[in-house]
Novice: 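Encoded as structure tokens, here's the structure I'll be asking about.
Both ligands and their constituent atoms are indexed starting at 1 by order of listing.
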Amino acid sequence: MITMDDIIREGNPALRAVAKEVSVPLSDEDIKLGEEMMEFLHNSQDPIKAEELGLRGGVGLAAPQLDISKRIIAVHVPSGDLENPEPTLSAVMYNPKILSHSVQDACLGEGEGCLSVDREVPGYVVRHNKITLSYVDAAGVKQKIRLKNYEAIVVQHEIDHLNGVMFYDHINQENPYALKDGVLVIE
Ligand SMILES: CC(C)(C)[C@H](NC(=O)Nc1cc(F)cc(F)c1)C(=O)N(CC(=O)NO)CC1CCCC1
Ligand SMILES: [Zn+2]
């Protein structure tokens with residue numbers, strides 16, 4: 001089972017490498033890894049298990065954060081309201097690729113953090129507001145989906161990890177809260 005000890009932290013050069021595509025059909029090993037990554041996210045969002053295992057509540061995880069240089073990400077975005085426990089996005093994505101994106105940019109009003117970064121780095125992380133994404137799912141089926149707002153931000157954050165990019169690489173060094181006109185601030 002994946003715990004925080006398995007997650008490498010900034011400074012580890014493996015976080016700056018470009019990860020390799022996985023072969024399709026998926027190997028049992030890659031399918032198992034994806035299942036373990038999703039299990040980590042579920043455990044991290046379960047108050048009891050998170051406390052027991054000392055996990056930070058995670059919405060996304062990329063294989064390079066486990067020192068595995070493969071283009072695999074897992075995302076699990078809870079719905080946010082207790083009435084509707086259905087997550088708004090829950091998927092293990094193999095070889096995810098952004099096919100196209102909106103002109104409209106967006107950022108989280110709270111800025112971003114990272115499971116591999118044990119410090120606060122303030123500032124807006126400007127990303128695409130909407131993306132069209134292709135990936136191979138855990139069943140080996142090619143998917144093409146459109147995402148927007150928070151879900152799109154999470155997936156872009158995870159795909160960045162596959163390219164050795166950290167969220168703070170996007171923050172304006174002169175003025176971390178500088179915003180061009182028209183950037184949507186997502187609260
Ligand atoms: C770094 C951390 C603060 C743990 C961040 N979680 C988060 O932003 N909030 C959160 C946590 C939950 F459990 C449920 C929930 F709806 C929201 C996160 O998981 N990531 C993922 C990551 O580090 N992947 O490599 C960072 C987020 C910043 C913007 C998108 C992902
Ligand atoms: Zn991260």
Side-chain angles (χ1 to χ4, degrees), residues 2-19 33-34 36-93 96 98 101 105-131 133 147-171 176 183-187:
I2 296 171
T3 66
M4 295 308 292
D5 294 343
D6 301 303
I7 295 177
I8 61 175
R9 308 300 156 93
E10 64 177 326
N12 188 322
L15 283 173
R16 290 302 190 180
V18 176
L33 174 59
E36 289 181 327
M37 290 167 70
M38 183 58 78
E39 183 199 30
F40 168 83
L41 296 177
H42 286 156
N43 290 343
S44 79
Q45 293 182 24
D46 176 317
I48 312 289
K49 291 200 180 123
E51 155 96 30
E52 221 168 67
L53 299 164
L55 308 179
R56 285 179 80 185
V59 283
L61 185 67
Q65 293 179 278
L66 303 171
D67 203 5
I68 299 172
S69 196
K70 291 185 175 182
R71 300 186 82 82
I72 306 171
I73 67 173
V75 292
H76 187 71
V77 181
S79 67
D81 68 334
L82 288 178
E83 266 57 62
N84 167 13
E86 277 305 298
T88 60
L89 176 67
S90 184
V92 178
M93 301 181 178
I98 295 173
H101 59 79
D105 287 341
C107 65
L108 297 183
E110 310 278 305
E112 296 189 10
C114 182
L115 287 161
S116 294
V117 178
D118 295 326
R119 62 190 172 106
E120 300 270 315
V121 186
Y124 288 139
V125 179
V126 178
R127 299 186 185 277
H128 307 308
N129 181 225
K130 297 179 182 177
I131 57 174
L133 180 71
L147 296 172
K148 65 182 181 198
N149 302 330
Y150 185 65
E151 284 73 18
I153 299 272
V154 174
V155 168
Q156 289 173 82
H157 177 109
E158 302 313 331
I159 291 177
D160 265 358
H161 279 304
L162 305 183
N163 298 321
V165 175
M166 302 294 283
F167 73 92
Y168 43 72
D169 298 343
H170 299 285
I171 294 174
V183 177
L184 182 70
V185 179
I186 297 167
E187 295 304 344

Novice: Any nitrogen or oxygen of G60, main chain or side chain, under 3.5 Å from a nitrogen or oxygen of ligand 1?
Specialist: yes

Novice: So, for I8 and P64, which heavy atoms are closest and what is the spacing to 0.1 Å?
Specialist: CD1-O, 3.2 Å

Novice: Please report which non-hydrogen protein atom sits nearest to atom 28 (C) of ligand 1, along with the residue it belongs to and the distance in Å to one decimal place.
Specialist: G113 O, 3.7 Å

Novice: Does D169 use its side chain to pair, donor to acceptor, with the backbone of M166 at less than 3.5 Å?
Specialist: yes

Novice: Going by atom types only, do N129 and D105 share a side-chain donor-acceptor pair under 3.5 Å?
Specialist: no

Novice: Flag R56 as yes when one of its N or O atoms lies below 3.5 Å from any N or O atom of ligand 1, and as no otherwise.
Specialist: no

Novice: I need the minimum non-hydrogen distance between C114 and R56, along with the two atoms involved.
Specialist: O-NH1, 3.0 Å

Novice: State the atoms of ligand 1, each with its element, that fall below the 4.0 Å cut-off from a heavy-atom position in L115.
Specialist: 1 (C), 4 (C), 22 (C), 23 (O)

Novice: Quick one: does S44 get within less than 4.0 Å of ligand 1, heavy atoms only?
Specialist: no

Novice: N/O to N/O below 3.5 Å, does that happen between S116 and ligand 1?
Specialist: no

Novice: Is the side chain of R16 donor-acceptor paired with the backbone N or O of G164 at a distance under 3.5 Å, no angle test?
Specialist: yes

Novice: Determine the interplanar angle of the H128 and H101 rings, folded into 0 to 90°, and report it as parallel if under 30°, tilted if 30 to 60°, perpendicular if over 60°.
Specialist: parallel

Novice: Provide the closest heavy-atom pair for V59 versus P78 in the form atom of the first, atom of the second, distance.
Specialist: CG1-CD, 4.2 Å

Novice: With rounding to the nearest 0.5 angstrom, report the OG to CZ distance, S116 to F167.
Specialist: 10.5 Å

Novice: Do any nitrogen or oxygen atoms of H161 come within less than 3.5 Å of a nitrogen or oxygen of ligand 1?
Specialist: yes

Novice: What atoms of ligand 1 come within less than 4.0 Å of a heavy atom belonging to Q65?
Specialist: 24 (N), 25 (O)

Novice: Just distances here: any N/O of E158 and N/O of ligand 1 closer than 3.5 Å?
Specialist: yes

Novice: Taking the Zn ion (ligand 2) as the center, what protein N, O or S atoms are found at less than 2.8 Å?
Specialist: C114 SG, H157 NE2, H161 NE2

Novice: State the atoms of ligand 1, each with its element, that fall below the 4.0 Å cut-off from a heavy-atom position in V154.
Specialist: 30 (C)

Novice: Taking all heavy atoms of A17 and all of S69, pick out the closest pair and write down the distance.
Specialist: CB-OG, 4.4 Å

Novice: What's the shortest distance from atom 8 (O) of ligand 1 to any protein heavy atom, and which residue and atom give it?
Specialist: Y150 OH, 4.1 Å

Novice: Looking only at non-hydrogen atoms, find the nearest pair between P122 and I171 and report the distance.
Specialist: O-CD1, 3.6 Å

Novice: Who's closest to atom 5 (C) of ligand 1 heavy-atom-wise, of P64, G57, C114?
Specialist: G57

Novice: Going from CE on M4 to CD1 on I7, what distance comes out if it is rounded to the nearest 0.5 angstrom?
Specialist: 4.0 Å

Novice: Nearest protein heavy-atom contact for atom 18 (C) of ligand 1: which residue, which atom, what distance?
Specialist: V59 CG2, 3.8 Å

Novice: Do the side chain of R71 and the main chain of L162 share a donor and acceptor less than 3.5 angstrom apart?
Specialist: yes

